[in-house]
Enquirer: 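If you scroll down you'll find the structure; I have some questions about it.
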Amino acid sequence: MSDTDLTAKIKSDLKAAMLAKDELRRTTLRSVLTAITNAEKGQSEPLTESDILPLIQKEAKKRREAVEQYQKGGRQDLAEREEAEYAVLQAYLPQQLTREEIVAVVKPVIDELGASGPQQMGQVMGQVMPKLKGKADGKMVNAVVRELLANR
């Protein structure tokens, strides 16, 4: 199996983290490589970069949710570690869109569908999410759509 550029970069960065004795980075990158390896099992071909990005996004989402849970539980020490791991993963993901950029994508879809209220949220989300896949956090997109539909 040949590595994609992204997998090769992760492996190279893992090796550098091991040499630098950067335990946090090493652990985070190993978890990503494990997710990639598990996804490749049973596949006849290696994963492409477009297959790997959602795996990294999933790992990042786990960290983001863990931060929220640890903060609710009063465990700031664990929340800080998860935030640091999230920051490591962000380096391998495409730049996320800002709220204003999301609004610029959502408004034309609402106008095109003629959506007039929150009851059409599902239709709007169904059109918007494929356009923003990997570029924006689903929670933020949901909030923007909800807000724009509420104002109609």
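The residues of the chain are indexed from 1 along the displayed sequence.
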Enquirer: Are the side chain of Arg63 and the backbone of Glu59 linked by a donor-acceptor contact shorter than 3.5 Å?
Expert: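 Present.
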Enquirer: Would Gln119 and Leu149 satisfy side-chain contact (heavy atoms from CB on, under 4.5 Å), going step by step from the backbone distance to the final call?
Expert: CA-CA 9 Å; Gln119 62 275 15; Leu149 288 176; over 6 Å; no
Enquirer: Test side-chain contact (heavy atoms from CB on, under 4.5 Å) on Leu148 and Val124 and set out the steps.
Expert: CA-CA 11 Å; Leu148 291 175; Val124 174; over 6 Å; no
Enquirer: Taking atom types as modelled, is there a side-chain donor on Tyr86 or Glu82 under 3.5 Å from an acceptor on the other?
Expert: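 Note: Tyr86 and Glu82 side chains miss the donor-acceptor criterion.
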Enquirer: Looking at residues at least two apart in the chain, or sitting in another chain, which of them share a salt bridge (Lys or Arg N to Asp or Glu O under 4.0 Å) with Lys135?
Expert: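 In terms of salt bridge (Lys or Arg N to Asp or Glu O under 4.0 Å), with neighbours along the sequence ignored, Lys135 is linked to no residue.
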Enquirer: When you check the gap from the basic side-chain N to the acidic O, do Glu68 and Arg64 get nearer than 4.0 Å?
Expert: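 So Glu68 does not pair with Arg64 through a salt bridge.
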Enquirer: Are any non-hydrogen side-chain atoms of Arg75 and Arg81 less than 4.5 angstrom apart?
Expert: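 A side-chain contact is absent here, since even the closest heavy-atom pair is not under 4.5 Å.
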Enquirer: Could you state the interatomic distance from CG (Leu78) to CD (Gln69), rounded to the nearest 0.5 Å?
Expert: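 Reported to 0.5 Å precision, the distance equals 12.5 Å.
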Enquirer: Let me confirm one number: the OH-CG distance from Tyr92 to Leu29, rounded to the nearest 0.5 Å.
Expert: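 That separation rounds to 4.5 Å.
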Enquirer: Walk me through whether Leu113 and Gln120 qualify under side-chain contact (heavy atoms from CB on, under 4.5 Å).
Expert: CA-CA 9 Å; Leu113 291 174; Gln120 281 126 346; over 6 Å; no
Enquirer: For Ala39, what residues pass the side-chain contact (heavy atoms from CB on, under 4.5 Å) criterion, not counting sequence neighbours?
Expert: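 With neighbours one apart ignored, the set is Leu47, Leu55.
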Enquirer: Taking all atoms of both residues into account, what is the closest heavy-atom pair of Ala79 and Gln71, and its distance?
Expert: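 For Ala79 and Gln71, the tightest heavy-atom pair comes out as CB-CG, 3.8 Å.
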Enquirer: Under 4.0 Å between a Lys/Arg side-chain N and an Asp/Glu carboxylate O for Lys9 and Asp13?
Expert: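 A salt bridge links Lys9 with Asp13.
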Enquirer: Which heavy-atom pair separates Val109 from Val105 by the least distance, and what is that distance?
Expert: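 Taking every non-hydrogen atom into account, CG2-O, 3.5 Å.
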Enquirer: Give a yes or no on whether the backbone of Thr48 and the side-chain of Asp51 come within a donor-acceptor separation of less than 3.5 Å.
Expert: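 Checked: pair present.
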